[in-house]
Amino acid sequence: MSIYRELEKIFETVISDGPVELTAETQSADVPGWDSVAHINLMVSIEQAFGVTFASAEMASFQRVGDLVECLERKGVSVSN
Amino acid sequence: MSRAKEKANSEDAEDLLRRADATENPPADLCRQIASAYLQDSDHEGAYKWFRRSLSSSLEFIDWQAATQLLRRIDRAKAPFRRKAHVALLGSSTVVHLRALLETAAATIGLDLEVSEAPYGAFAQEILDPDSTLFATNPDFVLLAVDRSALNLASFSEDADTEIQREIDRWTALWSKISERCSAQILQFNFVQPPVEPLGHLAARSAGSQSAMIRQLNHRLGLAAGEEVIIVDCARLSERVGVDQWFDARYWHVAKESVAPKYLPFLARNVIGLVGAAAGLNRKCIVLDLDNTLWGGVVGEDGIEGIQIGSGPEGEAYLEFQEYLRQLKSKGIILAVCSKNNEGDAKLPFQAHPEMRLTLDDFAMFVANWENKADNIRQISQALSLGLDSFVFIDDSPVERQLVRSALPEVDVLFLPEDPSNYVNTLDAYVGLETLSLTPEDTRRTAQYRARADAALLRSSVQSLEEFQESLEMTAVISPFNEIDLPRIVQLLGKTNQLNMTTRRHSLSRVRSLMESKGSLHFSVRLRDKFTDHGLVGIVIGQKEANILEIDSFLMSCRVIGRTVESMMLSETCRRARDQGFTTIRGVFIPTAKNRPASEIFANHGFTHVHTDEDGRELWEYDLGDGDIENRFIEIELMKSEQLSTVE
């Protein structure tokens with residue numbers, strides 16, 4: 001499973017009851033329910049799910065899902081199988 | 001949940017249920033999948049049951065977020081909610097995440113909670129503004145979910161006391177204002193310690209440090225709250241997880257979250273424990289198994305000598321658990337036993353094992369038989385006239401737990417961990433037993449005494465022994481011997497060893513004849529102080545020898561050692577001896593192996609040493625012409641009967 005698929009699962013669980021498709025170019029406006037409140041829910045959930053810690057500046061810097069994935073990869077996250 | 005998964009046919013649902021049944025504690029996501037399958041069938045009651053199940057042992061943020069999403073899809077009118085309530089939530093920083101989790105936590109205890117939130121940070125305006133909308137809906141609860149940033153405390157104060165009092169005045173004024181505007185029950189968060197302290201360890205001895213002021217503020221806020229306002233003890237919750245965990249600077253900087261979001265489920269569950277108590281939804285009775293729950297081993301097989309309780313690592317763990325339960329009982333929780341045992345075997349440890357902390361009297365019901373436990377609990381419920389939703393069941397056996405869980409879904413079943421050392425923590429983390437005040441009169445009294453004692457200690461930085469004695473506000477009630485007191489007097493004569501000048505073990509008839517002999521002097525002393533009544537604790541008997549009063553017996557219970565009771569008793573002896581026309585008091589000290597603590601009493605009160613005989617028996621004299629011996633700290637109250645009749 002790719003990082004994208006993992007993230008889709010988290011998005012589906014935390015902010016929506018429908019399927020979510022994420023690409024590098026997906027932005028908050030593209031996903032119903034991804035507002036500033038949901039953003040915090042996502043950050044906490046992603047930190048727990050991947051066992052990483054975001055810097056406060058990082059949390060505010062994710063414009064596209066691709067930024068988020070790059071950041072996770074920088075932190076050593078790799079999802080296989 | 002993806003659409004593909006939602007197409008799960010009934011076969012899939014059965015498969016999911018089989019997987020969940022295979023374990024006592026199925027994973028939260030499996031529970032949610034089952035709930036979704038029920039929703040597919042429009043079975044909202046089934047979905048609700050699995051929603052609850054998904055949170056029964058998880059405090060993970062993601063599970064709570066997911067359950068919150070799930071709850072939005074459940075039609076509350078079709079789920080077995082027990083009560084509806086409305087909370088007005090007022091925060092000093094971001095509380096929007098807490099808001100959603102409060103509704104979720106409430107749903108797990110069958111409370112259909114609607115939370116309305118005041119505009120960000122505007123808690124004071126909302127309370128003070130007569131046109132604010134928050135009170136228009138007439139909420140059942142007002143929750144002041146405030147944090148340290150709402151306080152106006154200097155980073156270091158030269159006058160901490162005034163600053164703290166100003167805060168107390170401010171919060172209590174807001175409470176009054178709320179009470180004027182609606183009849184809601186108020187809940188208020190108390191304040192968490194700062195995660196950093198520039199003064200370091202010096203803060204602990206500086207009243208003006210932030211950490212010292214917040215500690216003091218919480219203490220006084222609790223006293224001010226009394227029975228009226230419910231305090232959510234965030235200070236204690238934060239200490240449990242660690243203050244530096246509770247506050248996460250990153251989330252504060254990004255979103256003004258005063259509580260690290262990952263602890264919000266824990267906080268929400270605790271707040272709802274208190275709301276549940278106020279709404280009458282909390283549990284009132286714990287039903288307990290015995291073998292491997294209250295002691296280690298099986299009493300029916302291992303016998304009373306074989307069970308683990310009191311000593312050894314396991315025995316200590318069970319003892320602590322019993323002690324915790326005993327304390328729950330004294331705050332008003334009812335305890336009952338439901339055990340698969342022969343009744344005689346089950347009761348034996350309570351009757352004969354010296355290390356047991358709980359006694360048979362601690363249980364409202366004791367059911368030991370070989371019947372099904374669900375039936376037994378139903379029977380207990382009927383006998384105690386308590387609904388099944390008032391019960392918590394504690395048993396070490398997963399099989400029994402599972403049986404009760406499925407047969408009696410209203411009963412809360414605790415997941416007891418394997419290691420008895422963790423029993424206490426597990427029960428302590430369960431919030432369904434919160435109570436809002438101490439119901440039994442006795443417990444309440446003890447608590448008040450304790451609170452007063454604490455307050456006294458805080459008020460007066462006791463500087464000298466004299467100030468300490470004065471602060472006790474002691475009063476002695478003096479009475480000549482009478483028939484009612486005689487048994488206690490003879491008991492004290494018979495058993496007092498340390499503060500006893502002559503250790504004469506007079507019998508009842510001997511005391512009676514002393515009372516009747518002409519010119520004798522006798523009185524007993526009861527002592528009370530502002531904390532407690534010590535009862536009858538001192539005795540003086542004097543015999544006439546011409547114009548000398550010889551002290552036959554002079555003793556005090558060691559309960560009142562160091563309270564200057566001896567000075568008061570000698571002072572009173574002087575007064576009475578003078579009134580009866582004596583000129584001198586003769587003190588006798590007969591040394592024993594145990595009365596050394598009394599050996600200096602005559603010397604310390606101005607008596608003159610006259611003689612010591614070969615047995616070490618000392619004679620001392622006090623000339624009443626020198627005035628009465630001083631009694632500085634104890635106020636004297638005479639018995640009514642004595643005030644009326646004149647002293648001989």
Side-chain angles (χ1 to χ4, degrees), chain A residues 1-23 26 28 30-65 67-68 71-72 74-75 77 79 81, chain B residues 1-7 27-33 35-36 39-40 47 51 54 58-74 93-101 104 117 120 245 248-266:
Chain A
M1 207 187 302
S2 70
I3 291 186
Y4 284 96
R5 185 62 205 114
E6 266 302 293
L7 287 174
E8 281 170 2
K9 260 179 60 190
I10 294 171
F11 273 63
E12 286 167 1
T13 307
V14 172
I15 60 171
S16 130
D17 54 4
V20 174
E21 265 175 47
L22 299 176
T23 67
T26 309
S28 58
D30 303 329
V31 180
W34 187 359
D35 57 14
S36 62
V37 171
H39 187 68
I40 294 297
N41 291 338
L42 284 170
M43 291 297 108
V44 182
S45 301
I46 292 167
E47 284 191 328
Q48 288 198 326
F50 290 98
V52 296
T53 305
F54 296 122
S56 36
E58 286 170 338
M59 289 190 222
S61 72
F62 303 133
Q63 300 293 322
R64 318 149 43 247
V65 171
D67 301 335
L68 173 59
C71 178
L72 287 171
R74 263 204 315 281
K75 291 177 188 293
V77 170
V79 180
N81 69 65
Chain B
M1 197 71 29
S2 72
R3 296 268 181 260
K5 269 198 195 131
E6 282 188 355
K7 277 192 217 128
D29 63 337
L30 178 59
C31 295
R32 292 196 298 268
Q33 285 179 45
S36 288
L39 279 178
Q40 282 294 104
F51 152 82
S54 80
S58 172
L59 283 173
E60 290 287 313
F61 184 83
I62 191 162
D63 287 335
W64 279 67
Q65 282 305 325
T68 302
Q69 294 298 329
L70 180 61
L71 180 64
R72 291 194 177 131
R73 294 159 57 205
I74 295 174
S93 44
T94 304
V95 289
V96 58
H97 301 92
L98 177 63
R99 170 193 176 169
L101 296 184
T104 306
E117 187 190 339
Y120 175 87
Q245 296 290 307
D248 186 329
R250 301 172 305 132
Y251 284 98
W252 176 250
H253 296 146
V254 170
K256 290 289 171 283
E257 304 277 358
S258 64
V259 180
K262 69 173 170 176
Y263 291 109
L264 288 175
F266 174 58

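Per chain, numbering begins at 1; letters A, B, ... match sequence-line order. What you are looking at is a predicted structure, and each value in this text was computed from that prediction instead of being measured. For the numbers below, each heavy atom of this structure counts, side chains included, while hydrogens, waters and symmetry mates do not.
For chain B, the option among A:V44, A:V14, A:V20 with the highest count of heavy-atom pairs below 4.5 Å is A:V44.
Rounding to the nearest 0.5 Å gives a distance of 7.0 Å between OH of B:Y251 and CE of A:M43. Rounding to the nearest 0.5 Å places CG of A:N41 at 7.5 Å from CG of B:L101. Between A:Q48 atom CD and B:Q65 atom CD the span is 10.5 Å, to the nearest 0.5 Å.
If you measure heavy-atom distances from A:E47 to chain B, the contacts under 4.5 Å come from the side chain alone.
The heavy-atom pair separating B:Q69 from A:T13 by the smallest distance is CG-O, 3.5 Å. For the pair B:A255 and A:I40, the tightest heavy-atom approach, listed with the atom from each and the gap, is CB-CD1, 3.6 Å.
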